[in-house]
K.L.:
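The structure is given below, and queries will be raised subsequently.
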Protein chains: 2
Amino acid sequence: MTRDPDATGPDATDPGGTGTGPAGGGANLAVLRGHNAALVLDLLRTAGPDGISRLELADRTGLTPQAVSKITARLRAEGLADGAGRRASTGGKPRTVLRLVPGAARAVGVHLDRDGATVVLTDLAGTPLAVRRRSLDLTAGPGPVLAAVAAEVRALPSAGPARMLGAGVAMPGPLDHRRGVPGRVTGAPVWAGEPVRDALAARIGLPVTLDKDTNAAALGLALRPGAPRSFAYVHLGTGLGAGLVLGGVPLRGARTGAGELGHQTVQLDGPPCACGARGCLEVLCLAAVARGDLPGAARLLGTGAANLVRLLDADRILLGGRVVRGAPDVLAAGVRAVLAGLGLPVPVETVTAPHAVATGAAHLVLAPFFGLDGTAGGATLGPVGGPVGGE
Amino acid sequence: MTRDPDATGPDATDPGGTGTGPAGGGANLAVLRGHNAALVLDLLRTAGPDGISRLELADRTGLTPQAVSKITARLRAEGLADGAGRRASTGGKPRTVLRLVPGAARAVGVHLDRDGATVVLTDLAGTPLAVRRRSLDLTAGPGPVLAAVAAEVRALPSAGPARMLGAGVAMPGPLDHRRGVPGRVTGAPVWAGEPVRDALAARIGLPVTLDKDTNAAALGLALRPGAPRSFAYVHLGTGLGAGLVLGGVPLRGARTGAGELGHQTVQLDGPPCACGARGCLEVLCLAAVARGDLPGAARLLGTGAANLVRLLDADRILLGGRVVRGAPDVLAAGVRAVLAGLGLPVPVETVTAPHAVATGAAHLVLAPFFGLDGTAGGATLGPVGGPVGGE
DNA sequence: TGCACTTGGGCAACAGCGTTGCTTAAGTGC
DNA sequence: GCACTTAAGCAACGCTGTTGCCCAAGTGCA
């Protein structure tokens, strides 16, 4: 790998030498710089168009103002940040406001559903710039589907001077996020073991990240400004699943298997499920939906949500998916009622954004830029010392 | 705070200036050094008495051998590490083996149970050196109980030249781990709102960390050599709870409320529970234990474990607590049978160590030394770049 | 026994990080 | 118009891991 001495972004170098083997955890100066740059970028992103001042950045990061000045100078030189006027003076020189330049880079998000593909182009802030939708049959397998997806990606408006970071792909699980390989997808077992990530990367000439649809949606929601640190995104569509965000990072587990809310047993002697258990939440919930009993489905969803809140101490429940988009108020009210009845004061919201999964897929590519990999469970280097520093 | 130029431990300075406010995330050279030192210390700890060579440390951390030499030299100067012979030569100069010096520091672990307190003194590796047990009534409240605990701590063998790091306290939840304050403990509501951490710290003159008993036990298990990255510790005693370890770090949640396995609904129309719900796992499981139906309790536990495995993608299930210690084989077999029946090939083990919770409580103090705070969800500064570094 | 070779590890110089001390810029308020 | 306050940059600095080089300490073959 060549080394560009002018590059200062979080991805400028190959810190830690991850070329081969495990190579875990060791931090050198390049990692340090990348970490702080990503931290500042994340604060700029969260601040949105309003921007944020250097001193506020220093306060939020714990770095000295001078360090923030140096870091932001590098980011400005890279074109990732720029000034945006001044704040009102408080008796002295007014603060200069800094802002993320959303147009500095772009990303592609792909949502592979059972009956189609949604492809979205976003800027660095994750704002959708263009959306394309194409009907296709997932059971046709990787060959034709990926060819169609690649065509849609190429049909997106060209990036121009903006740097294209890559593409994130979200599809139904199970799959292996690390290797980028799907498992035995329900209803489309052709995909099992196919190297989807690498195959698509070769087709479109961009880095590709693969993840479950629920994880992608949860990641996109986790990166919204003001998002809670820990929440559960409950998705009710053709199936029932959840994306769990704990401490700002999606929980995937070693085999990307986390979030299987649908096969939680909630009725020991309930109806049998294809998974081998009885009384799975998904079976009960889908049955209620099928017979038109949305309040009943909401109550079941509420029980599942209560289990999540109690087990994970989640700050919020977000409801999404086709069924929820169809009747957001009924479902949210039902879930809220169950939680309130148990004395769990957790806010419940519905996600009605049209392309939440596809946008979230784009965030799979954007998140590492802001230090939010999530691959290994959080990239935050907290202040060391803990309770020992009492000397 | 005074600055000691000779100190090189992970807690040597106040990196990032955490004096006031949030001060999150920003990393300076002191943080960098502490991070790498903690990383190396953790590898030394995991290697145990066999030790580990410099080159292996370099390989595992991703640091250069020279950096490892500098870091280990500092650790040796601090008395935290030393040489332990040489490995067999592979054709050249044989590798020098380094080892953690367990006697370099000590910690105290306190397990506050409903009917007594267990106090354990451990070395830096977490090995118990002395154990004291005292019967007392938790409902008597913080005053008398903490006085008794302080007396037991003082009665422990003196540390001698070893540095005393502090004391970890484990007690039934709910409680606030960050502030060190218990909530409304079932059966002993006197403790609600009492500043237990600070009160005990003042009494014994040591830094104190407070956590739930299940979290402490899970932490102790997570720090055992060869422990899986993600597992659930299921504790069945007077109640039913769980300690969740995800990515090597205990999951606590914002309000230290995570792990409430006992109040997971598994039978929608089941018997009512004091928590307001019906069919809570704890109620069903304790009822089975009460009527002597241990296989039945094991099946229920297995259902709860299966829910955990599916929701969190856990690598292993560890069973502990008074009931499990009484009949480990019956319960483990029952849980294994349920998991196997669902096609979940997850190992199930029982924890029969006599003072697992008290030892785990000591690890609350030891863990930050090895970069395993867990307070903010993982202190690992992973290699930055992610999927973007494909240029 | 002696020599070439391989492998481990330390010394010294170095690039680059955030920090510190100081100066300059740019406002407010009397 | 002047003193004061606050923001931001310049320059020197301490300290990090890295690099290049040399020495130490083994094996293996002649």
Side-chain angles (χ1 to χ4, degrees), chain A residues 3 5-8 10 12-17 23 25-37 39-40 52-59 61-74 76-77 83 85-98 381 383-384, chain B residues 3 5-8 10 12-17 23 25-37 39-40 52-59 61-74 76-77 83 85-98 381 383-384:
Chain A
R3 198 187 165 98
D6 290 336
T8 50
T13 56
D14 181 19
N28 56 21
L29 288 175
V31 171
L32 182 75
R33 177 174 65 171
H35 172 80
N36 286 338
L39 205 66
V40 169
I52 184 173
S53 71
R54 284 179 180 77
L55 287 173
E56 207 173 340
L57 286 170
D59 196 51
T61 58
L63 296 169
T64 58
Q66 183 62 25
V68 171
S69 278
K70 284 190 176 183
I71 292 166
T72 54
R74 287 198 297 259
R76 295 179 68 161
R86 301 178 163 181
R87 287 223 197 291
S89 166
T90 59
K93 178 175 175 176
R95 300 184 174 183
T96 312
V97 175
L98 297 171
L381 180 60
V384 184
Chain B
R3 198 187 164 97
D6 290 337
T8 51
T13 55
D14 179 19
N28 55 21
L29 287 175
V31 171
L32 182 75
R33 177 173 66 172
H35 172 80
N36 286 337
L39 205 65
V40 170
I52 185 172
S53 71
R54 284 179 181 76
L55 287 173
E56 208 173 341
L57 286 171
D59 196 50
T61 57
L63 296 169
T64 57
Q66 183 61 25
V68 171
S69 278
K70 283 190 177 183
I71 292 166
T72 55
R74 288 199 297 260
R76 295 179 67 161
R86 301 178 162 180
R87 287 223 198 291
S89 166
T90 60
K93 180 174 176 175
R95 301 183 174 183
T96 311
V97 175
L98 297 172
L381 180 60
V384 185

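So you know, we letter chains A, B, ... as the sequences are listed, proteins then strands, and number each from 1.
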K.L.:
Rounding to a whole Å, what distance do you find between L32(A):CG and dC15(D):P?
P.N.:
16 Å
K.L.:
What nucleic acid atoms does R87(B) come within less than 4.0 Å of, heavy atoms only: base, sugar-phosphate, or nothing?
P.N.:
nothing
K.L.:
How long is the line joining CZ of R95(B) and P of dT6(C), in whole Å?
P.N.:
16 Å
K.L.:
Is the shortest side-chain N/O distance from S69(A) to OP1 or OP2 of dA8(D) below 4.0 Å?
P.N.:
no
K.L.:
Rounded to whole Å, how long is the line connecting atom CZ of R33(B) with atom C1' of dC17(C)?
P.N.:
14 Å
K.L.:
Toward the 5' end of DNA chain D, which comes first, R76(A) or N36(B), by nearest nucleotide?
P.N.:
R76(A)
K.L.:
Look for any protein N or O under 3.5 Å of an N or O in nucleotides 2-5 of chain C and output each such pair with its distance, or none.
P.N.:
none

K.L.:
Identify, with sequence neighbours excluded, every residue that meets side chain to side chain contact (heavy atoms under 4.5 Å, CB included) alongside R86(A).
P.N.:
P94(A)
K.L.:
Anything under 3.5 Å between a protein N or O and an N or O of nucleotides 21-23 of chain C, put it in a table, one pair a line.
P.N.:
none

K.L.:
If you compare every side-chain N and O of T96(A) against the phosphate oxygens of dA8(D) (OP1, OP2), does one of them come in below 4.0 Å?
P.N.:
yes
K.L.:
So, H35(A) side chain and A30(A) main chain: donor-acceptor pair closer than 3.5 Å or not?
P.N.:
no
K.L.:
Would you say a side-chain N or O of T64(B) is under 4.0 Å from OP1 or OP2 of dT18(D)?
P.N.:
yes
K.L.:
Take S53(A) and I71(B), find for each the nucleotide of DNA chain D with the closest heavy atom, and name the residue whose nucleotide sits nearer the 5' end.
P.N.:
S53(A)
K.L.:
Between N36(A) (side chain) and G26(B) (backbone), is there a donor-acceptor pair under 3.5 Å?
P.N.:
no
